[in-house]
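By convention in this document, chain letters (A, B, ...) are assigned in the order of the sequence lines, proteins followed by strands, and residues within each chain are numbered from 1.
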2 protein chains.
Amino acid sequence: MNIGEAADQSGLPVKTIRYYEQIGLVRPAREANGYRDFRAAEVRKLAFLARARSLGFSIEDCRTLLSLYEDGQRASADVKRVASEHLDQISQKIAELETLKASLSHLVARCHGDERPDCPILAGLAEAPKQPKRRRDAGA
Amino acid sequence: MNIGEAADQSGLPVKTIRYYEQIGLVRPAREANGYRDFRAAEVRKLAFLARARSLGFSIEDCRTLLSLYEDGQRASADVKRVASEHLDQISQKIAELETLKASLSHLVARCHGDERPDCPILAGLAEAPKQPKRRRDAGA
DNA sequence: GCTTGACCCTCCAGTCACTGGAGCCTCTAG
DNA sequence: CTAGAGGCTCCAGTGACTGGAGGGTCAAGC
């Protein structure tokens with residue numbers, strides 16, 4: 001199977017598949033003409049990667065998950081640990097974004113948004129408290 | 001004022017300030033010895049940038065906001081538009097992450113996480129449908 | 001005057017996960 | 001034989017820094 005069909009079946013762009021080969025995630029065989037030849041096992045790996053990536057796992061996580069996937073002797077605890085850590089990161093990211101959202105929507109709500117220059121958003125950006133780090137003798 | 005003190009007062013790393021000069025966000029004067037010389041106005045701009053970046057605005061948004069900040073004739077509507085679009089992006093990102101979180105936590109919850117190889121997480125990554133399952137009465 | 005060390009300078013490379021493009025080769029259909 | 005689709009490699013760019021090499025400048029202390 002050529003790369004184009006592998007792309008269709010896995011849902012990954014052709015370019016991405018070549019990139020995944022370059023970084024060693026897959027190792028398709030080659031035909032005599034130099035074309036990559038994807039067998040069913042490679043296509044399954046590509047689809048696995050596509051789904052892992054769509055769940056936000058990093059490439060390095062994907063590498064780990066793929067090796068666990070291929071290892072019949074794996075412990076599910078290893079998989080769960082990787083997934084749980086990623087889940088924590090997602091939760092943390094959501095919390096950060098919620099904080100940003102709260103600050104920003106507060107500013108936006110107070111801006112009348114007309115043709116006048118007066119703007120609480122700019123005022124907030126200009127004047128929000130930001131305590132400078134003190135160097136040796138930086139006075140107040 | 002040298003770059004180190006400007007960094008302390010603005011809260012930005014020295015490297016980042018040099019980078020901001022490189023991309024044209026600030027234009028500090030130079031002393032005879034080649035050192036950057038930051039005046040109060042530049043430091044205010046740096047602090048403004050630090051706060052805009054900490055709210056997640058892109059550099060290009062920051063460029064726009066900075067020019068609005070410096071333009072006494074601005075319309076607050078222009079500022080509000082930039083901020084509202086960013087707010088929408090944040091909300092959208094949160095929604096995406098919530099979706100990921102739901103999928104992933106479903107998988108993680110079902111994995112017993114012990115020494116056995118059986119693992120619903122890997123199974124989900126390996127077998128999840130590329131397209132949503134079609135129900136009999138859902139047409140298509 | 002000299003040394004030390006903090007601070008400053010520029011330029012280059014790396015991050016992450018692709019993505020676009022140039023320039024070329026191969027295959028298949030008509 | 002030609003056209004077009006698809007394959008190949010290699011290089012460069014994305015965003016927003018960050019680290020490091022290799023070197024210049026300055027102020028304090030001896």
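Checking A:D114 against B:S76 by side-chain atom types alone, a donor-acceptor pair falls below 3.5 Å.
Residue B:R27 places its CZ atom among 12 or fewer non-hydrogen atoms of other residues, nucleotides or ligands, all under 6.0 Å distant.
Heavy-atom minimum distance, B:S54 versus A:L100: O-CD2, 3.1 Å. Taking all atoms of both residues into account, the shortest heavy-atom contact from B:P120 to B:R110 is CG-O, 3.1 Å. Across B:I94 and A:K101, no two heavy atoms sit closer than the pair CD1-CD, 3.9 Å. Listed here is the closest heavy atom pair of B:Q73 and B:D71: N-OD1, 2.8 Å. When all heavy atoms of B:V26 and B:I17 are compared, the closest pair comes out as CG2-O, 4.4 Å.
Over its full length, the helix from C:dG1-D:dC30 to C:dG30-D:dC1 turns its helical axis through 30°, comparing axes from the five pairs at each end and rounding to 10°.
Look at B:E127 and A:R51 and you find no salt bridge, because none of the NZ, NE, NH1 or NH2 atoms lies under 4.0 Å from a carboxylate O. Salt bridge status for A:K93 with B:E96: absent, with no side-chain N to carboxylate O gap under 4.0 Å.
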With the criterion being N/O to N/O and under 3.5 Å, what pairs connect the protein with nucleotides 16-18 of chain C, and how long is each?
residue	atom	partner	partner atom	Å
C:dA17	OP1	A:I59	N	3.3
C:dA17	O3'	A:R53	NH2	3.3
C:dC18	OP2	A:Y20	OH	2.5
C:dC18	OP2	A:R53	NE	2.7

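Using modelled atom types, no side-chain atom of B:T16 and backbone atom of B:L12 make a donor-acceptor pair closer than 3.5 Å. Side-chain atoms of A:R63 come within 3.5 Å of backbone atoms of A:I23 as a donor-acceptor pair (strictly under, hydrogens ignored).
First and last contacting nucleotides of DNA chain D toward chain B (any atom under 4.0 angstrom from a heavy atom, 5' to 3' order): D:dA16 to D:dC26.
Rounding to whole angstrom units, CG of residue A:N2 and P of C:dT28 are separated by 9 Å. To the nearest angstrom, C1' of C:dC9 lies 11 Å from CD of B:E21.
Within residues 28-42 of chain B, the residues having any heavy atom under 4.0 Å from DNA chain D are, by residue number, B:N33, B:Y35. Within residues 88-103 of chain A, no residue is approached by DNA chain D to less than 4.0 Å at the level of any non-hydrogen atom.
Using a 30° and 60° split on the angle between ring planes, B:F57 and B:H86 fall in the tilted class, from 30° to 60°.
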Report task. Evaluate side chain to side chain contact (heavy atoms under 4.5 Å, CB included) for B:L107 paired with A:L55, printing each intermediate quantity in order. Result -> CA-CA 11 Å; B:L107 291 175; A:L55 283 177; 4.2 Å; yes

Report task. Mind running side chain to side chain contact (heavy atoms under 4.5 Å, CB included) on B:M1 and B:R39 for me, showing each step along the way? Result -> CA-CA 6 Å; B:M1 181 188 304; B:R39 259 68 72 86; over 6 Å; no

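The side-chain contact (heavy atoms from CB on, under 4.5 Å) test applied to A:Y35 returns A:N2, A:E31, A:N33, not counting sequence neighbours.
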